[in-house]
Amino acid sequence: MMSPLNLVQLNKSLNEVDYPISKTALIKNAEEKGADEKVLRVLKKIPLKDYATPTDVSEAIERLK
């Protein structure tokens, strides 16, 4: 069974960037901040677009479920 996504780490990644941000830049930033593989895997699954706020990214992640 997979362990749950580290929401604290995910939120930290989302709140430490300047918005709007592209999916590519979001993933790059998460990698640079040392996000774990689960966080990176989820970010790689969200739609390729620019995100205006951390909430936009969170909603895109919710839609993956």
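For the numbers below, each heavy atom of this structure counts, side chains included, while hydrogens, waters and symmetry mates do not.
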- Residues at least two apart in sequence or cross-chain that pass side-chain contact (heavy atoms from CB on, under 4.5 Å) with Lys33, listed by chain then number, are Glu16, Asn29
- Check whether more than 12 heavy atoms from other residues, nucleotides or ligands sit under 6.0 Å from atom NZ of Lys28, and answer yes or no. no
- Hey, could you give me the CG/CD distance between Leu26 and Glu31, rounded to the nearest 0.5 Å? 10.5 Å
- Query: Can you check whether Asp36's main-chain N or O pairs, donor with acceptor, with Gln9's side chain at less than 3.5 Å?
  - Reply: yes
- Task: Locate the shortest heavy-atom distance separating Tyr51 from Tyr19; write the atom from each residue and the value.
- Result: O-CD2, 3.3 Å
- Note on the structure: Separation between CD (Glu32) and OG (Ser13), nearest 0.5 Å, reads 11.0 Å
- Message: Using side chain to side chain contact (heavy atoms under 4.5 Å, CB included), reason through Leu10 and Val57 one step at a time and then give a plain yes or no.
- Response: CA-CA 10 Å; Leu10 176 62; Val57 179; 5.7 Å; no
- Task: List for me each residue that meets side-chain contact (heavy atoms from CB on, under 4.5 Å) alongside Ser58, sequence neighbours excluded, and say none if there are none.
- Result: Leu14
- More than 12 non-hydrogen atoms from neighbouring residues, nucleotides or ligands closer than 6.0 Å to CG on Asn15, yes or no? yes
- Task: For Glu62, check salt bridge (Lys or Arg N to Asp or Glu O under 4.0 Å) against everything at least two apart and list the hits.
- Result: Lys65
- Please test Arg41 against Lys38 for side chain to side chain contact (heavy atoms under 4.5 Å, CB included), starting from the C-alpha separation and ending with a verdict. CA-CA 5 Å; Arg41 202 174 310 130; Lys38 289 183 190 91; 4.2 Å; yes
- Per side chain to side chain contact (heavy atoms under 4.5 Å, CB included), Ile46 is matched among Asp56, Leu64, Ile27 by Leu64
